[in-house]
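What follows is a set of notes on a single structure, which appears directly below.
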Amino acid sequence: MALWLVRHAQPLDAAGRCYGRLDLAACPAATASAAQALAQVLPQRLPVYTSPLQRCEQLALALQALRPDLPYKIEPRLQELDFGRWEGRPWDAVPRAELDAWAADLAHYRPGGGEALAAMLARVQQALAATPTPAVWISHAGVARCL
């Protein structure tokens, strides 16, 4: 199986903040640089799947502009973990007791009332089973870690 895993460029205004499903834009210059690098190494006519979050779709669009043979499709299962009410908050503003509860049960605890890691693992596995290979996924670090 050949699956290219690509993480979006550095999000803007993310330093010190919890962001999973928070729909942050990525740095335009870093996105352009990543698209250039990918355009040079990806084989022709690969299917490209991207998370619907703008930081990923920005890269998919930039890549497609350079390589029209690499059109992309949105794949919602490639989204990052949903941190619920923690989204957008500074990490140091998340109550310590909640962080400790998450650390004590990484698989089943729903951080901020969002998504449990077990649910994320299941959806990423479903996406993997549905992906023809070879292919490219433009996604998030959490998705790559699930694989």
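Values reported hereafter were calculated over all heavy atoms of this structure, with side chains retained and with hydrogens, waters and symmetry mates removed.
- Linking Ile, Leu, Val, Met, Phe, Trp and Tyr whenever their side-chain heavy atoms come within less than 4.5 Å leaves Leu53 and Leu5 in two separate clusters.
- Residue Gln58 comes nearest to Ala25 through the heavy atom pair OE1-CA, 3.3 Å, listed as atom of the first residue, atom of the second, then distance.
- Judged purely by atom type and a 3.5 angstrom limit, Glu87 uses its side chain to pair as donor or acceptor with the backbone of Gly20.
- Considering CG of Leu147 and CG of Leu121, their distance stands at 9.5 Å, rounded to 0.5 Å.
- Think of Tyr19 as one node in a network of Ile, Leu, Val, Met, Phe, Trp and Tyr side chains linked at under 4.5 Å; its network also takes in Leu22, Leu24.
- Annotation for Ala116 and Ala107: closest pair CB-O, 3.6 Å, computed over non-hydrogen atoms.
- Of the residues listed (Val48, Thr50, Thr131), the one engaging Val136 in a side-chain contact (heavy atoms from CB on, under 4.5 Å) is Val48, and it is the only one.
- Proximity of Leu38 to Leu70: side-chain heavy atoms (C-beta onward) are nowhere separated by under 4.5 Å.
- Smallest separation of non-hydrogen atoms from Arg55 and Pro11: CD-CG, 3.9 Å.
- Partners of Asp69 by salt bridge (charged side-chain N to carboxylate O under 4.0 Å, His left out), not counting sequence neighbours, listed by chain and number: Arg67.
- Aromatic ring orientation, Phe83 versus Trp102: perpendicular (interplanar angle above 60°, classes split at 30° and 60°).
- Panel note: side chain Gln79, backbone Pro76; a donor-acceptor pair is recorded below 3.5 Å.
- A distance-only check finds a donor-acceptor pair linking the side chain of Gln54 to the backbone of Asp23 [under 3.5 Å].
- Minimum heavy-atom separation, Ala135 to Leu46: N-CD2, 4.2 Å.
- Grouping the Ile, Leu, Val, Met, Phe, Trp and Tyr side chains by contacts below 4.5 angstrom, directly or via other members, places Leu59 with Trp4.
- Inter-residue side-chain proximity for Leu3 and Leu128 is flagged as met; some heavy-atom pair is nearer than 4.5 Å.
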Are Glu98 and Arg85 close enough, and set up right, to give a salt bridge (charged side-chain N to carboxylate O under 4.0 Å, His left out), and what steps lead you there? CA-CA 12 Å; Glu98 291 182 33; Arg85 66 183 174 279; 3.6 Å; yes
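- Residues Pro111 and Leu81 have side chains in contact (heavy-atom distance under 4.5 Å, counting atoms from C-beta outward).
- For the atom pair Arg17 CZ and Arg89 CZ, the distance stands at 12.0 Å (nearest 0.5 Å).
- Nearest approach of Thr31 to Ala9, heavy atoms of both residues: OG1-CB, 3.5 Å.
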Kindly indicate, with the supporting measurements, whether the criterion side-chain contact (heavy atoms from CB on, under 4.5 Å) is fulfilled by Glu57 and Ile138. CA-CA 8 Å; Glu57 195 170 6; Ile138 298 175; over 6 Å; no
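- To the nearest 0.5 Å, atoms CD (Glu75) and SG (Cys56) are separated by 12.0 Å.
- Of the possible polar contacts, none joining the Arg77 side chain to the Arg123 backbone as a donor-acceptor pair under 3.5 Å is found.
- By the rule that hydrophobic residues join a cluster once side-chain heavy atoms approach within less than 4.5 Å of another member, Val41 and Tyr49 end up as members of separate clusters.
- With a 4.5 Å cut-off on side-chain heavy atoms, Leu61 and Tyr72 count as touching.
- Within the structure, ring pair (Phe, Tyr, Trp, His ring centres under 6.0 Å) pairs that include any residue of residues 126-145 comprise His8-His140 (at least two apart or interchain).
- Side-chain atoms of Cys146 and Met120, non-hydrogen and from C-beta on, do get closer than 4.5 Å to each other.
- A continuous path of hydrophobic side-chain contacts links Val6 to Leu42 [ILVMFWY only; heavy atoms under 4.5 Å].
- Of all heavy-atom pairs spanning Tyr109 and Ala101, the tightest one is CE1-CB, 3.5 Å.
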